[in-house]
Number of protein chains: 2
Amino acid sequence: MAATGGAGRPEKRQAITRAATTVFGREGYVRASMDAIAAEAGVSKRTVYNHFADKETLFLTVALENSAELTGKIRELMRTYLERVVDLRQDLIDFAVDRARAVLSAGDHGALGRAIRAEVANIPADVLAAWLDAGPVASLRDLAERFAVLADRGLLVVEDPGLAAEQYTLLTFHGVAERSFWGAVPVPDEEVARIAAVGVDAFLKIYRAPAAG
Amino acid sequence: MAATGGAGRPEKRQAITRAATTVFGREGYVRASMDAIAAEAGVSKRTVYNHFADKETLFLTVALENSAELTGKIRELMRTYLERVVDLRQDLIDFAVDRARAVLSAGDHGALGRAIRAEVANIPADVLAAWLDAGPVASLRDLAERFAVLADRGLLVVEDPGLAAEQYTLLTFHGVAERSFWGAVPVPDEEVARIAAVGVDAFLKIYRAPAAG
DNA sequence: GTCTATACAGGGATAGAC
DNA sequence: GTCTATCCCTGTATAGAC
């Protein structure tokens with residue numbers, strides 16, 4: 001259960017976590033084998049077990065690291081698109097498109113999220129809570145803060161920023177996530193852009209300030 | 001691949017499909033064993049293989065049957081709540097709550113949908129398309145028809161009924177689905193009701209006819 | 001003739017020993 | 001870094017029972 005701390009060379013550890021991300025993302029937890037991960041990392045299987053107690057520990061470790069990394073990437077996208085807003089609608093659309101790409105791009109971070117969702121019944125509750133808190137919930141909090149600022153500037157009318165963040169995410173992101181099965185099936189770029197646009201239009205019907213019409 | 005047609009007694013076949021629904025839903029495709037399914041059905045493993053060529057055939061068969069059954073159940077809910085609408089907001093909320101319960105109730109139909117989503121990378125494209133068409137997409141079509149009728153009655157202003165159906169589903173259902181990981185983690189009834197209410201309120205801000213205010 | 005019960009062959013996995 | 005003990009699963013085969 002507990003991560004096997006700092007044994008071994010750090011560069012080997014990183015090679016293993018990178019490989020585990022790839023293999024778990026591609027195969028899912030059950031299908032992935034420790035042999036395949038060792039081979040992908042270019043290390044001996046013994047080295048893998050030297051760094052991580054067992055398969056479950058390795059999976060949960062990379063899941064958490066991955067979740068935090070993806071949250072950081074999305075935070076950067078928010079800084080890019082929602083810090084200095086000039087064209088509200090267009091910036092909200094651009095953010096939605098880039099976020100969908102970041103989360104759902106094949107072979108990347110999203111694949112591991114798919115594996116987590118598939119294994120959720122077999123994950124200890126506290127680990128699942130930690131994953132949520134480092135990932136989706138953290139992004140929701142970040143987005144709520146952005147919306148609160150936009151409301152202060154008079155661009156949006158927002159009573160509950162957390163709710164607005166959730167509904168923005170539902171309208172602009174979850175349709176794509178569902179259609180692509182969280183990145184397992186590719187969705188054309190134009191379709192992502194279309195969904196983002198109609199999603200933002202719906203969102204603005206709920207939350208746009210009348211003055212900013 | 002092709003379902004092994006009508007060999008054997010029909011009541012045995014039904015026991016097997018019921019057991020397969022339970023076990024696949026609880027364990028997922030990879031973890032579920034044919035032994036466990038045979039035991040759950042109270043039949044010999046040989047009998048399972050007498051009705052279904054292999055594990056994959058059994059899984060895809062019950063997935064499709066299940067999908068169609070759930071679509072029918074949701075269609076009934078629509079008839080109950082969206083046929084004779086008197087209080088639009090309340091009827092939309094009640095439908096959302098009952099649909100969430102029907103799809104996400106633990107141990108029921110939702111579990112198999114979770115298994116499908118987990119295995120989507122290993123499912124043939126045509127079978128996946130058939131599953132979508134008998135399940136989520138069919139419900140979306142049904143709901144779009146209902147919204148078109150409500151628009152004709154002047155209760156909603158809907159340009160694109162399909163889009164309205166999708167956004168209603170996102171706002172009132174996908175938040176619960178995501179939070180419960182498609183039924184794997186229980187969500188309290190009050191939370192489902194709260195999400196349905198705020199989702200419907202947002203939906204009505206987009207689509208409610210001004211006259212019906 | 002279909003079902004039950006059981007056993008078994010073949011492959012692959014984990015986890016750890018050498 | 002290889003090698004192996006042990007276990008589990010799929011799918012088949014071999015018995016007899018209703």
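Nothing here was measured: the structure is a model prediction, and the numbers come from that model. Throughout, protein chains are lettered first and strands after them, A, B, ... in sequence-line order, and every chain is numbered starting at 1.
B:Ala32 comes within 4.0 angstrom of sugar-phosphate atoms only, judged by non-hydrogen atoms across all strands, and of no base. Among the protein residues, A:Val43 comes within range of no part of the nucleic acid, since none of its heavy atoms lies under 4.0 Å from any strand.
Each of B:Gly42 and A:Tyr29 has a nearest nucleotide on DNA chain C; the 5'-most of these lies closest to B:Gly42.
The side chain of B:Tyr49 has D:dT12 as its nearest neighbour among D:dT12, D:dT2, D:dC9. The side chain of B:Asp54 lies closest to D:dG11, out of D:dG11, C:dT14, C:dT4.
Checked by atom type, the side-chain pair B:Gln167/B:Tyr207 shows a donor-acceptor distance below 3.5 Å. A:Ser139 and A:Arg75 share no donor-acceptor pair across their side chains, judged by distance under 3.5 Å alone.
When the side-chain nitrogen and oxygen atoms of B:Asn50 are compared with OP1 and OP2 of C:dC3, one or more of them lie within a distance under 4.0 Å. The phosphate of C:dT4 has OP1 or OP2 within less than 4.0 Å of a side-chain N or O from B:Lys12. Remark: B:Ser33 is not in phosphate contact with D:dC8, judged by side-chain N or O atoms under 4.0 Å from OP1 or OP2.
Counting to the nearest Å, the C1' atom of C:dA13 and the CD atom of A:Glu56 are 16 Å from each other. Here C:dA15 presents its C1' atom at 14 Å from CD1 of A:Ile37, a figure rounded to the nearest Å. Rounded to whole Å, the distance from CG on A:Leu58 to C1' on C:dA13 is 16 Å. Between the CZ atom of B:Arg31 and the C1' atom of D:dT10 there is a distance of 17 Å, given to the nearest Å. For B:Asp35 and C:dA7, the CG to P distance is 13 Å, given to the nearest whole Å. As a whole-Å value, the separation of B:Arg46 CZ from C:dA7 C1' is 14 Å. Atom NE2 of B:His51 and atom P of C:dT2 are 10 Å apart (whole Å). Between the NZ atom of B:Lys45 and the P atom of C:dC8 there is a distance of 13 Å, given to the nearest Å.
For B:Glu119 and A:Arg31, the salt-bridge test passes: some basic side-chain N is under 4.0 Å from an acidic carboxylate O. Look at A:Arg146 and A:Glu83 and you find a salt bridge, because one of the NZ, NE, NH1 or NH2 atoms lies within 4.0 Å of a carboxylate O, short of that distance. Residues A:Asp189 and A:Arg194 are not paired through a salt bridge, judged by the lack of any N-O separation under 4.0 Å between the basic side chain and the carboxylate.
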